[in-house]
Amino acid sequence: MKAITLGAILAVTVSAAAYAQTPAPTPAQTPSWTVPPESARCPSKWGATDERGSGNLMKPETVLNAAKLIKSGEVIELAHVLGPSMPFFGTRRFDMHIKRTFMNAGSNERGSNEEMVVSEIGQVGTQFDGFGHQTHRNSHYNCFKTEEIAQRGLFTKLGIHNTGAFITRGVLIDVAAFKGVEMLGDNYEVTVEDLEGALKKQNITLQQGDAMIVHTGWGKIYGKENARYVKSCPGLGVKAAQWLIDKNPILLGADNWPVEVSPNPDPQLSLPVHQLALVVNGVHLLENLKLDELASKQVYEFAFIMQPLKIQGGTGSTVSPVAVR
Ligand code: UVW
């Protein structure tokens with residue numbers, strides 16, 4: 001009979017303990033959302049050659065409906081100032097260099113000043129996302145393919161210069177107020193129940209063609225706690241975004257940098273609402289809105305007016321929208 005050594009007993013005990021601590025292999029997790037196949041999303045409901053998506057909802061009647069909401073003539077600005085204190089996502093930048101006084105010829109001694117801006121003019125500050133901005137692999141809204149529409153200098157299709165002006169009914173959905181806070185938590189996911197609850201509290205019904213704008217309160221730290229501002233944010237979850245998209249908005253907006261919650265509660269997903277809105281449904285996104293004044297004055301319904309910059313073939317535009325009531 002073989003003698004069992006103390007070393008052998010220890011080795012068996014240690015390896016059994018190590019085995020007990022090794023988590024059982026888990027089957028690959030199914031992501032909570034996937035981009036629908038091209039066969040399910042193309043051609044878009046606006047037709048196979050359409051580049052305007054939700055912008056098609058702009059009609060003369062849309063403008064006239066918005067105009068009916070103007071009663072006092074009060075104008076509330078919805079854009080943050082473009083300048084050195086703004087937060088940037090990733091490597092984006094906005095550097096302005098003043099070209100100081102040039103004296104013109106003439107007895108009247110006229111001086112001229114101007115500036116040189118080195119910037120991503122489409123994706124900084126309060127900004128409007130077009131359909132060149134996001135893809136699923138190489139496929140954009142309406143299944144335009146990046147390699148077919150992107151040249152070095154511009155997008156030949158889906159350029160932001162095509163969108164035209166937006167003059168429509170704007171609706172503020174104040175989720176922060178509904179939840180009884182000034183600012184939702186750093187990665188709070190806005191749910192369908194939140195949207196329904198806020199709209200009910202405000203006694204507002206959404207209509208097709210509305211600029212649907214969500215107040216999270218996150219804008220309170222814009223320009224003040226910039227590292228925190230872009231690290232995460234409260235915003236729409238996929239289901240809440242889908243719920244709004246089903247109501248045919250002309251755009252979805254919010255006072256955070258991506259409109260949606262970030263990081264997404266599903267760690268397998270990267271900004272899925274960007275794809276859901278821009279790629280799958282052709283619905284524009286409007287980011288980094290300044291909503292404090294609208295929210296504090298409880299202006300929930302207004303005429304929304306915005307003209308994106310006509311940047312030929314651009315993916316987006318810095319914008320200065322206004323609410324008029
Ligand atoms: C990204 O493209 C990540 O962001 P956004 O559209 O929010 O600027």
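In each ligand, atom 1 is the first atom listed, and ligand 1 is the first ligand listed.
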Starting from atom 3 (C) of ligand 1, find the nearest protein heavy-atom neighbour and note its residue, name and distance.
Phe89 CE2, 3.3 Å
I need the nearest protein heavy-atom contact for atom 2 (O) of ligand 1: residue, atom name and distance, please.
His133 NE2, 3.0 Å
Polar side chain donor-acceptor pair, [X] to [Y], under 3.5 angstrom:
X	Y	value
His140	Gln134	no
Ser320	Glu77	no
Thr101	Asn113	yes
Gln123	His133	yes
Asp194	Thr191	yes

Distance filter under 4.0 Å to [X] heavy atoms, resulting ligand 1 atoms:
X	answer
Trp257	7 (O)
Gln134	2 (O)
Gln123	8 (O)
His274	4 (O), 5 (P), 6 (O), 7 (O)
Pro258	7 (O)
Leu271	3 (C)

Any idea which part of [X] is under 4.0 Å from ligand 1, heavy-atom wise: side chain, backbone, both or neither?
X	result
Arg92	side chain
Asp129	side chain
Leu285	neither

State whether Asp186 and Arg228 are salt-bridged, where the test is any N-O pair (Lys NZ or Arg NE/NH1/NH2 against Asp/Glu carboxylate O) under 4.0 Å.
yes
Is the distance between the ring centroids of Phe131 and Phe144 under 6.0 Å?
no
Tyr229 and ring-ring contact (aromatic ring centres under 6.0 Å, His included): which single residue from Phe88, Phe89, Tyr222 fits?
Tyr222
